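Given the structure is predicted, the values throughout are model-derived calculations rather than measurements. Below, chains carry the letters A, B, ... as their sequence lines are ordered, and counting in each starts from 1. Side-chain atoms are counted along with the backbone in the values below, which use heavy atoms only and exclude waters and symmetry mates.
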Amino acid sequence: MSELEKLPKGAYKPNETEKEILKYWLDNKFYSPEFTSEETFSTARKGENRETYTNILPPPNANGNLHLGHMSGYAYQDLMGRYQRMRGKKVLLLPGKDHAGIQTEVVFEKELEKQGTSKLEIGRESFYDKCFDFCMENGRIAREQEQNLGLSADFDRELFTLDPNIVDEVLQTFVDMYNDKLIYRSKRLINWCVRCQSALADIDTEYKDSETEFFYFKYGSTSPSEYALHVRDTYAGKEVEVKIERYKGMEYTGKDGKTIEWEFDYYGEIEGDINPADGKNLDVILLGFEEGLKPGTVVKGKAVGIMMRMDGDYKLMVINENNKDLKMYKEFGWHFDHFSKYFAGVHIREFEKQPEDHYYTDGVILGTVRPETKFGDTAIAVHPDDKRYEDLVGKEMEVATLNGPAMIKVIADESIDPEFGSGAMKVTPAHAPDDWDIAMRHPEVMPEKQVINFDGKLNHLAGKYEGMGVKEAREAMIPDMEKSGILVRLDRGYKNRIQICERCKHQIEPLISYQWFLDTAPLKAKAKQLVQNDVTNIMPEGKENVYLNWMDTPEDWCITRQLWWGYRVPVWYKVQPEEYITETGEVKEKIGDKIIENLDDYSDMIHVGQESPGEGWVQDEDVLDTWFSSGQWPVVTLAANGDDFAEFYPTQVMETGWDILIFWVTRMMLLCPYKTSKLLGKEFDDLKEEDIAPFKDVYLHGLVLDKNGSKMSKSKGNGIDPFEMMQKYGTDALRLSFIVGNKVGQNYRLYEEKIQNFRNYCNKIWNVSKFTLMNLEGFTALSIERPELPFEKEDLEMLEHIETLAADSTTRMESFNFGVAANELYESVWHTFADIYLEQVKQRIYTKDRDGNPINTSKEAQESRKAAQWVLWKSLDTYLRLLHPFIPFITERIWKAFPKVEGESSTLLYAQWPN
RNA sequence: GAGCAUGUAGCUCAACUGGCAGAGCAUUCGCUUGACGUGCGAAAGGUUAUAGGUUCAAGUCCUAUCAUGCUCACCA
């Protein structure tokens with residue numbers, strides 16, 4: 001009799017037990033799907049054909065320690081795996097580690113800094129090697145921690161994303177996609193992180209609320225316009241138009257004695273109002289304004305006011321009903337900014353309702369938060385239906401800039417919101433995503449003018465601001481613009497959001513650059529379909545919309561990064577391409593002497609393939625986006641290992657945190673079907689959806705929060721160290737604390753008291769088991785079927801309870817209701833079995849009284865005792881099986897000591913799940 | 001702007017397809033009963049966010065509102 005066959009006295013001691021049990025599992029290679037047993041009741045019986053169950057585990061980043069989040073994921077993945085093993089499946093939980101491109105590069109750069117060196121100092125090759133070693137060491141520690149958690153993954157199969165086999169597969173995908181014209185090199189607006197010195201995909205950036213200045217510029221026309229003033233708007237449901245011709249008609253003598261002629265050309269219609277000029281129903285109320293009234297008061301039909309610009313200043317002109325003449329009412333010598341708040345533009349407006357300022361002059365006023373990009377403006381865009389600017393569309397106007405006059409085109413585009421600001425927007429294709437999109441629709445506004453360099457500083461196009469950083473330049477420009485009159489207004493405290501680098505939190509600079517892109521449209525269509533057709537099922541259901549929504553967002557995925565850590569792009573050039581900015585601000589690429597004008601220009605200059613085409617060719621300097629490889633992880637891990645792909649793909653479950661649904665799950669759904677079709681050598685569309693979907697179910701667990709519901713983080717210091725908890729309360733207790741009462745996709749709070757409570761629970765199981773085993777003395781009637789014995793009412797109730805419990809548990813497990821399953825087990829063991837049934841049978845099961853005298857000696861009593869014993873045995877047997885996926889260590893330990901029927905699996909891993 | 005989730009005892013959370021609102025922690029009282037004080041027994045604690053509706057029956061389904069959190073898009 002080995003030591004393990006007895007349960008030692010005293011409280012449950014997890015640390016020693018876990019060590020023994022872990023060794024037992026690892027030594028016997030139970031985690032391998034290839035494990036088989038001779039035992040009759042083992043679910044891995046030799047020779048039996050078993051269905052596979054595969055879960056490719058999300059590989060943690062190999063640049064740091066595992067945290068609570070990883071551990072909770074493992075708890076779920078492992079419980080599913082253990083459950084499926086007990087259901088008779090051939091289970092593969094495949095572990096891995098991720099090189100985590102940019103993140104690791106940032107982390108390791110800091111590491112080098114600590115060592116007093118830098119990546120530039122040690123060079124690319126050495127950086128790569130050292131970073132590789134760094135990841136290997138982290139990976140080793142992580143593996144140990146995973147094993148200590150009881151994760152029953154096949155560690156012999158563990159892979160790292162930069163393992164040669166994996167690299168081959170991933171790069172081959174790049175090559176295939178290039179040949180299929182899904183991947184292409186192109187010049188586009190990209191997110192540029194000035195600190196990381198790399199392009200980033202949209203998803204690698206996030207937004208931060210910010211307060212900034214909002215600048216209004218006057219793009220006044222210097223070319224003669226037909227009208228001095230031209231206004232359109234609606235008033236009282238009617239369209240109103242006023243044009244005032246320049247230098248014609250009426251006369252006005254200004255203070256300075258100068259005489260200017262003016263004439264009303266036309267002034268609209270408002271029903272019910274009389275035109276004072278001719279008494280007809282034709283009039284316009286421009287401004288309710290009358291001598292003696294406060295500015296801003298609307299007096300309909302009584303007075304007409306027009307604000308106009310004369311002699312470079314703004315004047316208000318008024319008609320009143322008694323005076324048919326237009327006369328100068330008042331001169332406004334002060335700043336536009338000041339009086340515009342009273343008049344809100346020149347046309348009719350209900351001031352209380354719409355206090356927004358609108359400016360109409362013979363030019364255009366527009367707003368921006370980034371005046372420093374003004375040097376890169378190539379157009380002004382307005383909405384096509386916006387009558388205010390109708391006459392300007394298609395024309396080119398001369399505008400004043402800080403670097404002197406410049407010509408600028410006016411275009412009409414549907415994307416412009418006429419309600420926002422003045423309804424006119426400056427178009428800067430090189431420095432704003434929307435502007436780039438507009439430029440793509442209006443080739444006439446190209447080429448771009450890129451005024452910011454990759455180092456984040458303004459270039460030669462910025463004139464005297466050249467060499468300044470973005471912020472610095474903005475500060476410097478404000479007084480200059482004010483002085484020149486270009487800046488007509490400046491609002492502070494404007495709220496917007498700035499785009500920042502997800503990793504280093506530096507502000508993103510949208511720039512134009514030549515990069516490699518992946519056309520996601522066809523892949524997204526497929527990925528969307530797979531979920532819509534329920535081939536892949538996302539849990540919780542609510543997240544399905546998030547997924548579908550994302551699949552509807554068009555994207556040219558920039559997959560190249562200007563980093564050293566990762567997969568080097570499998571592209572070779574005759575000469576390394578060189579990107580530069582021309583005199584006029586155009587971004588161009590040169591390969592040798594050849595300037596790239598369009599995609600075809602590349603054809604004889606580059607070679608796409610894993611191997612160099614020969615002497616003199618140089619490899620692309622860039623590396624691939626880490627999500628490009630992670631997105632293929634479920635396929636390439638299996639493909640990299642012999643027949644695994646054929647046997648274990650597609651997989652059953654993807655278990656991960658909901659926070660990386662968009663980052664990772666979506667990418668896998670994009671890339672895996674494509675890669676699968678390549679591996680099977682068939683066309684994408686010729687394959688059944690079931691065969692290309694990388695997994696059937698996506699289970700997204702919630703995030704672990706602290707006691708107050710906030711995210712755990714190193715900086716807040718509110719994190720719980722999972723390894724300390726395992727040490728203190730046992731691994732099983734920690735695992736339960738991730739599961740019990742938690743729902744899919746729901747964040748949950750974790751704190752020490754909770755874990756402590758589950759430690760208590762494990763101890764309860766321990767004691768219940770000790771009690772049961774010590775009272776099974778002389779018990780030999782081992783049979784799985786209920787024997788003929790004089791069962792009492794309490795026995796039958798217990799048996800019925802345990803049967804219902806088992807059936808319920810199965811339902812819960814099948815429907816991914818792990819939290820409920822664990823909770824019911826908790827209740828049942830503690831309150832039904834321990835508190836009620838055990839107390840009920842005590843008097844029947846004891847063989848001695850308190851004084852040590854024999855009791856229950858009659859034949860009848862003995863039979864009753866046997867009945868109770870069988871129920872105890874059966875109950876504990878069932879509990880151990882049902883509990884095993886949740887708390888593997890303690891259950892396996894008790895199972896060792898538990899009397900089993902002939903041919904029973906000696907390890908609980910392969911014991912049959914009660915049905 | 002679009003979408004999702006959540007709101008239940010003092011706190012943290014359960015309640016599968018509608019079917020007697022439950023646990024843990026905390027509180028109060030009582031127990032060294034031969035597995036267990038990391039325990040046992042008992043008590044107290046609720047108009048299930050609000051207002052309507054459907055139903056024999058609503059925490060659960062429908063409508064509206066409020067509050068909190070999140071995601072996506074836009075923000076010139």
Side-chain angles (χ1 to χ4, degrees), chain A residues 7 9-12 202-203 207 209-210 212 214-217 366-371 373-374 377 380-382 415-417 420-428 432-435 438 494-498 540-550 552-553 658-659 661-662 702-703 705 707-711 729-730 733 737 740-743 745-754 756-775 808 811-812 814-817 819-824 826-827 830-831 834-835 838-839 842 846 848-852:
Chain A
L7 298 185
K9 281 190 176 173
Y12 175 58
D202 293 347
I203 208 165
Y207 290 88
D209 286 330
S210 134
T212 180
F214 195 99
F215 302 84
Y216 287 91
F217 294 128
L366 29 75
T368 182
V369 293
R370 300 203 59 189
T373 65
K374 208 165 127 63
D377 291 359
I380 291 172
V382 298
S415 70
I416 306 301
D417 176 4
F420 190 93
S422 62
M425 180 179 114
K426 74 193 196 77
V427 181
T428 321
D434 292 339
D435 301 28
I438 290 172
Y494 176 76
K495 287 190 174 67
N496 72 341
R497 294 168 65 195
I498 55 166
E541 226 172 296
K543 294 288 174 200
E544 194 171 299
N545 270 330
V546 175
Y547 174 93
L548 294 175
N549 184 9
W550 190 83
D552 283 334
T553 315
W658 64 257
D659 55 326
L661 166 67
I662 294 291
L703 309 183
L705 307 173
K707 198 169 183 173
N708 302 316
S710 38
K711 236 177 161 174
Y729 302 112
S737 71
V740 177
N742 293 329
K743 267 194 297 199
Q746 206 67 50
N747 294 350
Y748 53 96
R749 305 180 186 198
L750 185 63
Y751 36 90
E752 202 164 333
E753 294 93 303
K754 218 174 191 174
Q756 198 175 337
N757 179 52
F758 291 117
R759 186 267 318 258
N760 297 352
Y761 176 63
C762 289
N763 194 50
K764 191 64 169 178
I765 294 172
W766 185 251
N767 282 312
V768 163
S769 302
K770 278 196 299 188
F771 175 85
T772 302
L773 294 184
M774 76 173 55
N775 286 298
D808 277 0
T811 313
R812 310 281 191 221
E814 289 296 325
S815 56
F816 297 87
N817 257 313
V820 179
N823 199 43
E824 282 178 354
Y826 180 97
E827 291 294 309
W830 206 319
H831 303 297
D835 291 348
L838 252 49
E839 293 303 324
K842 274 181 178 172
Y846 288 146
K848 287 171 189 162
D849 69 10
R850 281 176 208 204
D851 304 324

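- In this structure, E541(A) atom CD and U17(B) atom P are separated by 11 Å, rounded to whole Å.
- If you check every strand for non-hydrogen atoms under 4.0 Å, R812(A) touches a base.
- Checking U71(B), C40(B), A23(B) against every side-chain atom of D835(A), the shortest atom distance belongs to C40(B).
- What separates CG of L773(A) from C1' of A35(B) is a distance of 10 Å, to the nearest Å.
- C4(B) and G69(B) make up a base pair, with Watson-Crick or G-U wobble contacts both under 3.5 Å.
- OP1 or OP2 of C13(B) has at least one side-chain nitrogen or oxygen of R749(A) nearer than 4.0 Å.
- Residue-level contact check: I416(A) touches the bases, meaning some heavy atom is under 4.0 Å from a base atom.
- A73(B) and G59(B) have their P atoms separated by 39 Å, given to the nearest Å.
- Base pairing analysis places C40(B) opposite G30(B); the two distances defining the Watson-Crick or G-U wobble pair are each below 3.5 Å.
- Nearest nucleotide to the R497(A) side chain, out of C40(B), A73(B), U71(B): A73(B).
- Of all nucleotides listed (U12(B), A35(B), U71(B)), U12(B) comes nearest to the side chain of Y751(A).
- For the pair T428(A) and D435(A), the tightest heavy-atom approach, listed with the atom from each and the gap, is N-OD2, 2.6 Å.
- In the set A14(B), A73(B), A35(B), A14(B) carries the atom at the smallest distance from any side-chain atom of Q746(A).
- Counting to the nearest Å, the P atom of C74(B) and the CD1 atom of I498(A) are 16 Å from each other.
- Where E839(A) and Y826(A) meet RNA chain B, the nucleotide closest to each residue was compared, and Y826(A) sits on the side nearer the 5' end.
- Under the stacking criterion of a centre-to-centre distance below 5.5 angstrom and an interplanar angle below 30°, Y846(A) sits stacked against the six-membered ring of G34(B).
- Counting only distance, with no hydrogens or angles, the side chain of N747(A) and the backbone of L703(A) share a donor-acceptor pair below 3.5 Å.
- At the heavy-atom level, V427(A) lies nowhere under 4.0 Å from the strands shown.
- Between the side chain of R759(A) and the base of U38(B), a donor-acceptor pair under 3.5 Å is found.
- For A64(B) and U54(B), the C1' atoms lie 15 Å apart once the distance is rounded to whole Å.
- For A26(B) and A35(B), the P atoms lie 26 Å apart once the distance is rounded to whole Å.
- Comparing C25(B) with G39(B), their P atoms are spaced 7 Å from each other, to the whole Å.
- The nucleotide U50(B) finds its pairing partner in A64(B), both defining distances of the Watson-Crick or G-U wobble pair being shorter than 3.5 Å.
- Within 4.0 Å (heavy atoms only), T368(A) reaches sugar-phosphate atoms of the nucleic acid but no base atom.
- Listed by chain and number, the residues in a salt bridge (charged side-chain N to carboxylate O under 4.0 Å, His left out) with R812(A) are E824(A) (sequence neighbours excluded).
- Closest non-hydrogen pair, C762(A) versus A733(A), comes out as SG-N, 4.1 Å.
- In this structure, the side chains of Y751(A) and R749(A) come closer than 4.5 Å at one or more pairs of heavy atoms.
- Between G39(B) and N760(A), a contact under 4.0 Å exists linking OP1 or OP2 to a side-chain N or O.
- Taking atom CD on E752(A) and atom C1' on C25(B), their separation rounds to 14 Å, with Å as the unit.
- Nucleotide U55(B) forms no Watson-Crick or G-U wobble pair with any nucleotide shown, as no partner meets the under 3.5 Å limit on both distances.
- Partners of W658(A) by ring pair (Phe, Tyr, Trp, His ring centres under 6.0 Å), not counting sequence neighbours: none found.
- Using modelled atom types, no side-chain atom of N549(A) and backbone atom of N545(A) make a donor-acceptor pair closer than 3.5 Å.
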Hey, mind stepping through Y826(A) and K764(A) against side chain to side chain contact (heavy atoms under 4.5 Å, CB included) and telling me if it holds?
-> CA-CA 10 Å; Y826(A) 180 97; K764(A) 191 64 169 178; over 6 Å; no
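- If you take atom P in U12(B) and the same atom in G1(B), they sit 31 Å apart, rounded to whole Å.
- Between G542(A) and A834(A), the residue anchored nearer the 5' end of RNA chain B, judged by the nucleotide with its closest heavy atom, is G542(A).
- Note: OH (Y748(A)) to P (U12(B)) measures 17 Å, nearest angstrom.
- Within the 4.0 angstrom heavy-atom criterion, no nucleotide atom of any strand lies near E753(A).
- With both ends at atom P, the span from C4(B) to U63(B) equals 11 Å, rounded to whole Å.
- What separates OH of Y207(A) from C1' of C74(B) is a distance of 9 Å, to the nearest Å.
- Using a 4.0 Å heavy-atom criterion, one finds that L661(A) contacts no nucleic acid atom at all.
- Taking the C1' atom of each, C74(B) and A14(B) are spaced 40 Å apart, rounded to whole Å.
- Side-chain atoms of K764(A) and base atoms of C36(B) include a donor and an acceptor less than 3.5 Å apart.
- A tilted orientation is assigned to the rings of Y12(A) and W766(A), their planes being inclined by 30° to 60°.
- The W830(A) side chain lies nearest to G39(B) when the options are A15(B), U38(B), G39(B).
- Checking U38(B), G3(B), A14(B) against every side-chain atom of A11(A), the shortest atom distance belongs to U38(B).
- For K543(A), no side-chain nitrogen or oxygen approaches OP1 or OP2 of C70(B) to under 4.0 Å.
- Note: CG (D417(A)) to P (A73(B)) measures 19 Å, nearest angstrom.
- Using atom C1' as the reference point in both A49(B) and A5(B), the two lie 15 Å apart (nearest Å).
- One finds no side-chain N or O of H831(A) lying less than 4.0 angstrom from the OP1 or OP2 phosphate oxygen of G41(B).
- Which of C70(B), C72(B), U6(B) sits closest to the side chain of W658(A) comes down to C70(B).
- Counting non-hydrogen atoms under 4.0 angstrom, K9(A) reaches nothing in the nucleic acid.
- At whole-Å resolution of the value, NZ in K842(A) and P in G34(B) are 8 Å apart.
- Counting distance only, with no hydrogens placed and no angle test, the side-chain atoms of E824(A) and the base atoms of A23(B) include no donor-acceptor pair under 3.5 Å.
- Nucleotide A14(B) forms no Watson-Crick or G-U wobble pair with any nucleotide shown, as no partner meets the under 3.5 Å limit on both distances.
- For K770(A) (side chain) and G10(A) (main-chain N/O), a donor-acceptor pair under 3.5 Å exists by modelled atom type.
- Residue contacts shown for V768(A) include a base, since a base heavy atom lies under 4.0 Å away.
- N757(A) comes within 4.0 angstrom of sugar-phosphate atoms only, judged by non-hydrogen atoms across all strands, and of no base.
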